Amino acid sequence: MEATYGLVSYTLAKLFLLSGLSKKDNAQRSKKMEEKALEVYDVIRTIRDPEKPNTLEDLEVVSESCVEVQEIGAEEYLIVIKFTPTVPHCSLATLIGLCLQVKLQRCLPYKHKLEIYISEGTHSTEEDINKQINDKERVAAAMENPNLREIVEQCVIEPDD
């Protein structure tokens, strides 16, 4: 009986130890995802608005809280961005989404899957725009248009360039 009690006690102690390690691993992983989200935000915050001289950060179209990063594989991440157009009928929301796509594809040094959405309830045609900006073929076709490409380039160029 004493041997059984000792074995049960030992097993429970191991479980508690492993449980603590798991919490520590989760905390480290969570911190890493927060750091990645800040890295993504630093890339997108300087994108200029297509109509104004302000950045998306200045206009509160993007914020730190609009970026979420999840690990989906070894050094591969899912990045979800939910941006908020300045007005519910913003005609440039699709262009802003395109700028976000282009800048992140160019600037992130690691493998990632990108999902960009308009924040729920902040635009009159958010469903249609969400489909457009997450369709790789539409994004590629848009970037083949020289006029559109020039506008995107002006929006995503770094301030010191």
Side-chain angles (χ1 to χ4, degrees), residues 13-88 90 92-123 126-140 142-143 148-161:
K14 282 289 192 188
L15 282 173
F16 287 128
L17 177 64
L18 290 174
S19 171
L21 289 176
S22 177
K23 287 179 185 176
K24 186 177 178 182
D25 288 346
N26 286 340
Q28 288 175 334
R29 186 174 293 117
S30 179
K31 184 177 180 184
K32 182 179 179 183
M33 294 307 103
E34 288 174 19
E35 289 170 356
K36 291 284 184 197
L38 283 174
E39 184 180 337
V40 169
Y41 177 68
D42 278 343
V43 170
I44 65 173
R45 69 186 188 83
T46 59
I47 296 173
R48 290 187 185 89
D49 182 86
E51 287 184 322
K52 301 177 175 108
N54 307 78
T55 66
L56 297 185
E57 179 184 49
D58 295 338
L59 297 170
E60 297 179 0
V61 172
V62 296
S63 64
E64 287 181 19
S65 63
C66 80
V67 179
E68 182 183 324
V69 178
Q70 300 167 14
E71 195 166 22
I72 56 176
E75 292 302 310
E76 187 173 1
Y77 303 92
L78 169 64
I79 299 166
V80 179
I81 297 174
K82 294 180 181 175
F83 72 96
T84 305
T86 53
V87 291
C90 178
L92 299 173
T94 306
L95 183 57
I96 291 169
L98 182 60
C99 291
L100 290 165
Q101 282 273 3
V102 168
K103 183 122 187 209
L104 288 169
Q105 292 298 342
R106 288 181 183 173
C107 295
L108 293 181
Y110 46 81
K111 287 180 70 171
H112 61 277
K113 181 176 190 282
L114 192 55
E115 293 181 6
I116 298 174
Y117 303 104
I118 293 179
S119 298
E120 196 171 325
T122 62
H123 197 279
E126 71 188 58
E127 261 185 58
D128 293 334
I129 294 172
N130 288 341
K131 283 181 190 174
Q132 282 184 312
I133 59 181
N134 287 295
D135 183 323
K136 289 180 182 181
E137 290 176 11
R138 287 184 182 184
V139 169
M143 290 306 291
L148 199 50
R149 186 173 55 244
E150 186 177 331
I151 293 169
V152 170
E153 293 297 339
Q154 290 303 310
C155 293
V156 301
I157 195 167
E158 285 298 318
D160 8 299
D161 287 353

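Quick caveat, the model's predicted, so the values are computed rather than measured.
- You'll find the side chain of Leu56 reaches within 4.5 Å of the side chain of Leu100, heavy atoms only.
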Q: Could you walk me through whether Leu148 and Leu95 pass side-chain contact (heavy atoms from CB on, under 4.5 Å), step by step?
A: CA-CA 8 Å; Leu148 199 50; Leu95 183 57; 3.7 Å; yes

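- Side chains of Thr122 and Pro85 form a contact here, defined as non-hydrogen atoms less than 4.5 Å apart.
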Pairs of donor and acceptor atoms involving the side chains of residues 67-74, under 3.5 Å and at least two apart or interchain, shall be tabulated with distances.
residue : atom : partner : partner atom : Å
Glu68   : OE2  : Gln70   : NE2          : 2.5

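- Although no hydrogens or angles enter the test, the distance criterion places a donor-acceptor pair under 3.5 Å between the side chain of His112 and the main chain of Tyr110.
- For Asn134, there are no side chain to side chain donor-acceptor pair (under 3.5 Å) partners two or more places apart in sequence or in a different chain.
- Atom SG of Cys99 sits about 10.5 Å away from atom CD of Gln154, to the nearest 0.5 Å.
- Around atom CD of Glu127, no more than 12 heavy atoms belonging to other residues, nucleotides or ligands sit under 6.0 Å away.
- Annotation: side chain to side chain donor-acceptor pair (under 3.5 Å) contacts of Glu153 (sequence neighbours excluded): Arg106.
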Q: Could you walk me through whether Ser119 and Thr84 pass the side-chain hydrogen bond (donor to acceptor under 3.5 Å, both in side chains) test, one step at a time?
A: CA-CA 5 Å; Ser119 298; Thr84 305; 3.1 Å; yes

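- By the side chain to side chain donor-acceptor pair (under 3.5 Å) test, Glu57 pairs with Tyr41, Arg45, sequence neighbours left out.
- A side chain to side chain contact (heavy atoms under 4.5 Å, CB included) with Glu64 holds for exactly one of Asp42, Val40, Leu38; it is Leu38.
- The shortest heavy-atom contact between Ala93 and Ile118 is CB-CD1, 3.9 Å.
- Side-chain contact between Leu59 and Thr55: absent, with no pair of heavy atoms (C-beta onward) separated by less than 4.5 Å.
- The line from SG of Cys155 to CD1 of Ile47 is 8.0 Å long, rounded to the nearest 0.5 Å.
- Pairing each heavy atom of Leu92 with each of Pro50, the nearest pair is CD1-CB, 3.8 Å.
- Residues passing the side chain to side chain donor-acceptor pair (under 3.5 Å) test with Thr94, sequence neighbours excluded: Gln132.
- Distance check: Ile96 CD1 to Asp49 CG gives 5.0 Å after rounding to the nearest 0.5 Å.
- Pairing each heavy atom of Cys107 with each of Val43, the nearest pair is CB-CG1, 3.8 Å.
- Between Glu39 and Pro109, some side-chain heavy-atom pair lies under the 4.5 Å cut-off.
- For residues 109-122, the pairs satisfying salt bridge (charged side-chain N to carboxylate O under 4.0 Å, His left out) are Lys113-Glu115, with sequence neighbours left out.
- Put simply, the side chain of Val80 does not reach to within 4.5 Å of the side chain of Ile116, judged on heavy atoms.
- Two residues are said to be in side-chain contact when any heavy atoms from C-beta on lie closer than 4.5 Å; Asn54 and Arg48 fail this criterion.
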Side-chain donor-acceptor pairs under 3.5 Å in residues 30-37, sequence neighbours left out?
residue : atom : partner : partner atom : Å
Lys32   : NZ   : Glu75   : OE2          : 3.1
Lys32   : NZ   : Tyr77   : OH           : 3.3

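- Within the structure, salt bridge (charged side-chain N to carboxylate O under 4.0 Å, His left out) contacts touching residues 92-105 (residues at least two apart or in different chains) are Lys103-Glu158.
- Glu60 is linked by a salt bridge (charged side-chain N to carboxylate O under 4.0 Å, His left out) to nothing, counting only residues two or more places apart in sequence or in another chain.
- Evaluation of the ring-ring contact (aromatic ring centres under 6.0 Å, His included) test over residues 42-76, restricted to residues two or more places apart or in two chains, returns none.
- Among residues at least two apart or in separate chains, there is no ring-ring contact (aromatic ring centres under 6.0 Å, His included) pair with a member in residues 56-76.
- With contacts defined as side-chain heavy-atom distances shorter than 4.5 Å, the pair Ile81/Tyr117 does not qualify.
- In this structure, the salt bridge (charged side-chain N to carboxylate O under 4.0 Å, His left out) partners of Asp135, at least two apart in sequence or on a different chain, are Arg138.
- Of all non-hydrogen atoms in Ile133 and Val139, the two that sit nearest each other are O-CG2, 3.8 Å.
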